[in-house]
Asker: 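Next up is a structure, given as structure tokens.
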Amino acid sequence: MDNELTLTRRGFVKAGGALFVGAAVFPSLAVGAAGVEGHPSTMDATKLASWLELHDDGRIVVRTGKTETGTSASAFYAQAVAEELDVDPAVITMVMGSTDDTPDGGLSAGFLGGAANLKKVAAMTRVALLGLASTKLGVPVDTLTVTKGVVSGGGKSVRYTELVKGQQLDLAIPVTGDFPKINPKDGIGLSGLLGLRVTSNPTLKPLKDYAVIGQSFARPGIREIVTAKAQYSGDVSLPGMLHARMVRPATLGSTLVAAGALDHAKFPTAEVVTKGNLVAVVSPNEWEAVQAAQAVAAATTWTPWSGLPGSDKVTAALRAATWTPAEKRGDAAKIDAALAGAAQVISATYEQPYVRHAPMGAFVALADAKADGSVTLYSQTSQAQGARANIAHTLGIPFEKVTIKWAQGPGQYGRTTYGGDGAMADAAILSTLLKKPVRVQWTMPEDLAWSSASPAWYADVKVGLDATGHMVGLKSEWYQPHENDARMLGALLAGLPTLPTGPVSGFGALHSVWVYEQSPAFEAAYVTDNLAGNAVSGGLRGNIMRTPQQRQQNYAVEGIITEAAAAAKADPVEFRIRHTTNDVFINLMKATAAKHGWTPRPSPNPKASRTGTTPVTGRGVGVVMRSGGWWVAMADVEVTPGTGVVKVTAMTVGVDVGKVMNPRHLTSMMQGGAVMGVGEALFEEVTFDTGKVTSTDWTKYRIPRMGDIPEIKTIFTSRDDRGINGGGEAANASAPVAIMAAFFDATGVMPRRIPLAPQYVKSILNA
Amino acid sequence: MPSYALTINGAPRTVTAAADTPLIYVLRNDLKLTGTRLGCGLSQCGSCAVLADGKEIRSCSTPVSRLVGKKIHTVEGLPGLWAGKKGIPETADTLHPIQTAWIEEQVPQCGYCQSGMMMAAADLLGRNPNPTLAQVKDAFTNTPPSPHLCRCGTYNGIAAAVLKAAKLMRA
Ligand code: FES
Ligand code: FES
């Protein structure tokens with residue numbers, strides 16, 4: 001039986017309940033040895049207390065190796081546990097992310113897996129507590145009910161807290177899972193990133209009985225953020241800590257000739273540290289480190305290098321690359337035959353330059369290397385266990401010698417999902433060399449130049465229509481440098497071991513979901529190495545970014561479907577609906593259209609114009625399906641052909657994710673995703689010359705501002721019949737398509753490249 | 001290094017720092033007021049915003065030596081600012097209406113930009129107690145030295161919270 005129940009005197013949590021109240025982000029616990037075979041976690045995940053603790057004061061501490069990245073996962077997890085336990089979610093404190101304070105949680109992307117673990121643990125705990133209550137009250141278990149942590153039956157009641165007062169509830173939690181380890185056969189170079197899985201199958205509450213999930217529960221951490229009590233990763237300081245600023249190479253391929261000398265009269269406490277091509281300036285005084293680093297950077301010499309094509313030639317450079325077939329879906333021969341017999345075929349190449357995550361705070365990490373060879377790192381990484389394996393590999397020390405302490409940071413949007421992080425290797429290497437705690441704060445220009453990015457891509461797409469305007473087949477071949485590079489820059493520059501990352505065949509590269517089942521499709525994805533991948537820095541390192549691959553692949557597919565609808569002289573909403581029989585999708589399209597005030601007619605707009613200084617208007621639609629969630633975006637734009645300026649004037653996002661866990665936070669994610677979509681559609685492009693990235697501040701890497709964003713209307717209905725689905729952030733994949741389509745509607749010209757920056761807009765309107 | 005007598009969140013604080021040290025390093029490292037967040041360091045994002053005599057300044061680019069004699073307020077000082085204005089005692093639970101609105105609207109996602117956003121709201125509502133939505137958007141987009149940026153895209157939430165805070169403050 002799963003629930004082997006014992007009660008012991010509480011000894012696990014040394015400081016008792018008070019430890020977890022308030023803003024303590026880095027609770028340090030004395031915990032016993034590993035319990036999962038082969039899993040050298042400091043947390044014994046087979047013990048209930050590693051997951052969930054009931055405190056005498058009624059508070060419940062829940063632990064997960066997953067992290068809060070701004071998507072309100074902490075609220076959803078608390079709700080999931082509260083639901084199964086029948087308690088108020090407000091009594092739950094989440095402890096997240098750290099390697100020694102939580103069970104291994106795996107990828108940030110696996111939100112549902114994390115929720116499934118916690119639900120099972122909570123359900124097992126509930127069964128155990130009901131057993132205790134039954135004994136205490138002398139009432140059969142099956143007659144007991146629980147409301148807000150109070151068990152009632154036979155006219156009597158008892159609180160959960162009274163059942164375990166002064167004692168610890170011990171349950172054996174059956175878990176399985178690999179821990180992260182270096183694996184050259186894996187696309188990332190690390191396997192075991194999924195974290196632990198609870199293998200018991202307790203009876204879970206049916207969806208129809210949910211009372212907590214589905215409510216707009218306020219995320220507890222929000223009050224702490226607003227009152228400045230929240231601790232961010234960059235806020236941690238340790239006694240004797242040095243502040244570091246990095247001096248980066250002149251280009252992506254430069255090697256160090258000589259580090260600049262430091263003027264000690266001017267910078268008395270600063271020091272230059274080098275290892276290979278890694279150059280840093282440290283000082284106990286942060287401002288002195290900043291200024292000394294600038295002075296040293298100006299005097300440091302590097303070898304010349306010019307191995308990049310220049311961002312204006314990126315698609316041509318990609319065309320010339322050697323590609324590895326990564327994944328395909330559908331019957332290519334069948335589609336070729338269908339296209340050959342089509343009344344009309346549209347062929348196009350869609351493309352997008354490099355874009356990046358671009359959080360509001362640059363990478364920061366604090367490392368504390370000890371004489372015994374252990375290293376503790378403080379970081380906002382969303383993959384603590386992966387980062388731990390990564391750092392251990394670089395430093396050549398055992399996995400168990402690395403501890404990662406997590407605290408929230410600026411949104412990562414996927415960039416730390418695979419356990420790579422910008423500043424962690426820098427900090428770990430410097431702290432090891434200097435034998436002192438070192439806090440490395442990247443500058444924003446450094447982050448915008450040197451962090452990994454979402455690579456440029458192009459897709460060759462074809463669609464065939466028969467004489468009635470029905471799609472007879474679609475073919476999409478998508479090419480992108482791989483986006484699995486979790487190598488850390490500091491390790492690369494220092495010449496220390498890094499993950500064996502590279503383009504790998506078969507490593508999931510095709511994420512788009514074909515939603516128009518009334519028409520056949522063939523989709524293929526090809527990968528290649530990073531652009532300038534042989535440079536000492538690893539070149540332009542590719543990494544996943546919010547709604548990865550689907551976002552890009554979907555743009556090409558939905559783009560050409562917009563073109564096909566126009567060729568068929570059909571309304572783009574109606575055209576999509578007629579190629580599917582999926583009720584969920586059709587109902588969502590109709591509901592979103594009604595909310596947006598969509599008037600059916602074919603595109604382009606009869607008033608479309610590609611010239612003049614009078615703004616022209618248009619509206620468009622885009623669809624994406626991700627992790628069981630359907631997303632529709634509709635956008636209105638205003639284009640001034642003479643200036644090339646595009647403005648989004650209205651937007652509606654519709655979603656069907658089945659059961660909605662938290663309407664308010666889903667709304668926030670829908671709106672936030674749509675804002676990122678506006679950025680990709682209108683502004684965002686990583687530019688580079690032949691040596692280095694040049695879009696290194698917020699005027700050069702332009703992201704949306706408040707004035708760029710209209711009111712974003714949202715529509716969703718919660719339903720029990722589809723369960724709970726993931727992918728709560730895919731609005732960023734449907735919004736750009738809707739904006740492109742709206743531009744086409746307004747001007748009659750389909751943009752096959754984003755962003756719609758004024759110069760590019762003028763060039764396509766004048767073509 | 002010289003010493004500077006500052007007034008921070010209503011209290012006198014003396015700090016020793018090089019004259020050109022940007023205020024943010026003094027706040028975060030010397031005074032342990034870590035609610036003010038370093039973003040771009042270039043006056044381009046607003047995440048480091050604080051108030052000097054009620055007006056927003058960017059602490060990443062304002063030298064500490066220029067702030068002597070000014071009343072500095074950081075996000076930690078918002079409750080005190082409100083209590084002082086209303087002549088009510090400040091307790092551990094006191095919130096500035098801007099904070100109340102931000103919590104009620106559940107504005108933050110990652111939250112990194114939000115200290116600066118709330119300071120910009122305080123600046124705006126100090127100048128204009130009853131702004132329209134268009135004025136809010138204009139203030140957060142076009143007030144020098146730069147727009148206030150939020151990468152998580154919480155702009156709709158911020159605008160709603162500013163309008164709500166304005167109402168709470170007028171009540
Ligand atoms: S950090 Fe000061 S404006 Fe960006
Ligand atoms: S809430 Fe994340 S940057 Fe604004």
Side-chain angles (χ1 to χ4, degrees), chain A residues 68-72 216 218-219 221-223 225-232 234-235 237 243 285-288 290-291 357-362 364 408-413 441 443-445 664-665 668-669 671-676 678-679 697-699 703-709 711-712, chain B residues 17-18 20-22 25-26 28-29 32-42 44-45 47 74-76 78-79 95 98-100 102-116 118 133 136-142 146-159:
Chain A
E68 176 59 76
T69 57
T71 59
S72 293
S216 285
R219 188 175 119 203
I222 282 182
R223 190 184 178 90
I225 290 170
V226 170
T227 54
K229 294 191 176 74
Q231 189 179 33
Y232 281 68
D235 299 345
S237 66
H243 289 275
N285 181 299
E286 189 167 12
W287 179 235
E288 188 171 325
V290 171
Q291 289 185 299
H357 315 79
M360 294 317 301
V364 61
Q408 65 191 319
Q412 297 297 298
Y413 320 113
Q441 169 72 67
T443 67
M444 189 55 73
R664 188 196 286 270
H665 287 297
S668 177
M669 292 311 297
Q671 293 179 330
V675 172
M676 280 193 128
V678 170
D697 68 34
W698 293 126
T699 65
I703 60 170
R705 305 164 178 171
M706 193 184 279
D708 298 320
I709 303 302
E711 184 205 353
I712 300 166
Chain B
D20 57 357
T21 308
Y25 298 115
V26 170
R28 292 181 52 85
N29 296 335
K32 305 292 175 211
L33 293 168
T34 53
T36 302
R37 310 213 167 277
L38 179 68
C40 63
L42 301 166
Q44 291 182 348
C45 75
S47 88
T74 67
V75 61
E76 289 90 346
L78 280 176
L95 291 178
I98 290 172
Q99 293 173 303
T100 306
W102 243 253
I103 294 167
E104 283 180 6
E105 292 293 323
Q106 292 280 291
V107 177
Q109 287 190 15
C110 80
Y112 201 82
C113 68
Q114 301 292 347
S115 299
M118 288 187 286
L133 176 62
V136 172
K137 281 186 158 192
D138 179 60
F140 280 76
T141 309
N142 299 317
S146 83
H148 271 260
L149 299 177
C150 172
R151 182 54 159 165
C152 295
T154 65
Y155 294 125
N156 277 218
I158 292 167

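A, B, ... follow the sequence lines: proteins, then strands. Residue 1 opens every chain. Treat the numbers as computed from the prediction; the structure is a model and nothing was measured.
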Asker: Would you mind checking which part of A:Arg664 comes under 4.5 Å of any heavy atom in chain B, side chain (CB onward), backbone (N, CA, C, O), both or neither?
Answerer: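 For A:Arg664, the contact with chain B is made by the side chain alone.
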Asker: Between B:Gln109 and A:Ser668, does any side-chain donor sit less than 3.5 Å from a side-chain acceptor?
Answerer: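 Judged by distance alone, the side chains do pair up.
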Asker: Among A:Met676, A:Arg219, A:Glu68, single out the residue with the greatest number of heavy-atom pairs under 4.5 Å to chain B.
Answerer: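 Of A:Met676, A:Arg219, A:Glu68, A:Arg219 has the most heavy-atom pairs under 4.5 Å with chain B.
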Asker: Among the options A:Ala358, A:Gly221, A:Ser237, pick out the one with the most heavy-atom pairs lying under 4.5 Å from chain B.
Answerer: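 The candidate making the most pairs under 4.5 Å is A:Ala358.
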Asker: Which atoms form the tightest heavy-atom contact between A:Gly409 and B:Cys110, and what is the distance?
Answerer: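 Between these two residues, the closest heavy atoms are O-CB, 3.8 Å.
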Asker: Is B:Asp20 in contact with chain A via its backbone, its side chain, both, or neither, using a 4.5 Å heavy-atom distance?
Answerer: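 B:Asp20 touches chain A through backbone and side-chain heavy atoms alike.
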Asker: I'd like to know which of B:Met118, B:His148, B:Glu76 tops the heavy-atom pair count under 4.5 Å against chain A.
Answerer: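 Of B:Met118, B:His148, B:Glu76, B:Met118 has the most heavy-atom pairs under 4.5 Å with chain A.
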Asker: Is there a side-chain contact between B:Tyr155 and A:Val675 in this structure, where contact means two heavy atoms from C-beta onward sitting under 4.5 Å apart?
Answerer: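 Yes, side chains in contact.
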Asker: Can you say whether B:Leu95 sits under 4.5 Å from chain A via the side chain, the backbone, both, or neither, judging by heavy atoms?
Answerer: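 It is the side chain, since no backbone atom gets that close.
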Asker: Do A:Trp287 and B:Asn29 have side-chain N/O donor and acceptor atoms under 3.5 Å apart?
Answerer: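 Not at all, the side chains of A:Trp287 and B:Asn29 share no donor-acceptor pair under 3.5 Å.
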Asker: How long is the straight-line distance from OG1 of B:Thr154 back to CE of A:Met706, given to the nearest 0.5 Å?
Answerer: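 Between atom CE of A:Met706 and atom OG1 of B:Thr154 there are 7.5 Å.
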Asker: Please confirm whether the backbone N or O of B:Cys150 pairs with a side-chain atom of A:Arg705, one donor and one acceptor, at under 3.5 Å?
Answerer: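 Side chain of A:Arg705 to backbone of B:Cys150, a donor-acceptor pair under 3.5 Å: no, none is there.
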Asker: Please round to the nearest 0.5 Å and tell me the distance separating atom OG1 of B:Thr34 and atom NZ of A:Lys229.
Answerer: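 It is 11.5 Å, given to the nearest 0.5 Å.
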Asker: Select one option (side chain, backbone, both, neither) describing which atoms of A:Gln291 are under 4.5 Å from chain B's heavy atoms.
Answerer: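 Just the side chain, heavy atoms under 4.5 Å.
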Asker: Under the side-chain contact (heavy atoms from CB on, under 4.5 Å) rule, what do A:Trp698 and B:Leu42 come out as? Steps first, then yes or no, please.
Answerer: CA-CA 9 Å; A:Trp698 293 126; B:Leu42 301 166; over 6 Å; no
Asker: Assess whether a salt bridge exists between A:Asp235 and B:Lys32, defined as any Lys/Arg side-chain N lying under 4.0 Å from an Asp/Glu carboxylate O.
Answerer: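 Salt bridge between A:Asp235 and B:Lys32, a charged N being under 4.0 Å from a carboxylate O: no.
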Asker: Could you tell me the separation between the OH atom of B:Tyr25 and the CG atom of A:Asn285, rounded to the nearest 0.5 Å?
Answerer: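 It is 10.0 Å, given to the nearest 0.5 Å.
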Asker: Check whether A:Gln441 gets within reach of chain B through its side chain, its backbone, both or neither, counting any heavy atom under 4.5 Å.
Answerer: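 Interface part for A:Gln441: side chain.
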Asker: If I measure from the heavy atoms of chain B, does A:Pro704 come under 4.5 Å with its side chain, its backbone, both, or neither?
Answerer: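 For A:Pro704, the contact with chain B is made by backbone and side chain together.
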Asker: Counting only N and O atoms by type, is there a donor-acceptor contact under 3.5 Å from the side chain of B:Lys137 to the main-chain atoms of A:Asp708?
Answerer: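 Not a single qualifying donor-acceptor pair exists.
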Asker: Before you tell me yes or no, could you show the steps for B:Gln44 and A:Asp697 under side-chain contact (heavy atoms from CB on, under 4.5 Å), namely the whole-Å CA-CA distance, both residues' side-chain angles and the distance that decides it to 0.1 Å?
Answerer: CA-CA 8 Å; B:Gln44 291 182 348; A:Asp697 68 34; 3.3 Å; yes
Asker: Minimum heavy-atom separation for A:Gly361 and B:Tyr112, please, with both atom names.
Answerer: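 So the minimum-distance heavy-atom pair works out to CA-CE2, 3.5 Å.
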Asker: Can you tell me how far the CE atom of A:Met444 sits from the SG atom of B:Cys45, to the nearest 0.5 Å?
Answerer: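 If I round to the nearest 0.5 Å, the distance is 6.5 Å.
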Asker: Would you name the heavy atoms of B:Asn156 and A:Ile712 that are closest together and state the gap between them?
Answerer: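 Minimum heavy-atom separation between B:Asn156 and A:Ile712: OD1-N, 2.8 Å.
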Asker: For A:Thr699, is it the side chain, the backbone, both or neither that has a heavy atom under 4.5 Å from a heavy atom of chain B?
Answerer: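 Backbone plus side chain of A:Thr699, per the 4.5 Å heavy-atom cut-off to chain B.
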Asker: Heavy-atom distance under 4.5 Å to chain A: side chain of B:Pro108, backbone, both or neither?
Answerer: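 Its backbone and side chain both get close to chain A.
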Asker: Which region of A:Thr227, side chain (C-beta onward) or backbone (N, CA, C, O), has a non-hydrogen atom less than 4.5 Å from a non-hydrogen atom of chain B, or is it both or neither?
Answerer: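 Looking at A:Thr227, backbone and side chain both touch chain B.
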Asker: Over all heavy atoms of both residues, which pair between B:Gly35 and A:Ala228 is shortest? Give the atoms and the distance, please.
Answerer: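 So the minimum-distance heavy-atom pair works out to CA-CB, 4.0 Å.
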Asker: A:Glu711: what forms a salt bridge (charged side-chain N to carboxylate O under 4.0 Å, His left out) with it, not counting sequence neighbours?
Answerer: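 A:Glu711 satisfies salt bridge (charged side-chain N to carboxylate O under 4.0 Å, His left out) with no other residue.
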Asker: Are the side chain of B:Arg151 and the backbone N or O of A:His357 linked by a donor-acceptor pair below 3.5 Å?
Answerer: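 Checked: pair present.
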Asker: Looking at B:Gln106, B:Gln99, B:Glu104, B:Arg28, which has the largest count of heavy-atom pairs under 4.5 Å with chain A?
Answerer: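 Result: the option with the highest number of such pairs is B:Gln106.
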Asker: Please identify each residue that fulfils salt bridge (charged side-chain N to carboxylate O under 4.0 Å, His left out) with A:Glu286, with sequence neighbours left out.
Answerer: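 Counting only residues at least two positions away or on another chain, A:Glu286 forms a salt bridge (charged side-chain N to carboxylate O under 4.0 Å, His left out) with A:Arg245, A:Arg439.
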Asker: With a 4.5 angstrom heavy-atom cut-off, could you sort out which part of A:Val290 is near chain B: side chain, backbone, both or neither?
Answerer: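 Contact with chain B is through the side chain of A:Val290 alone.
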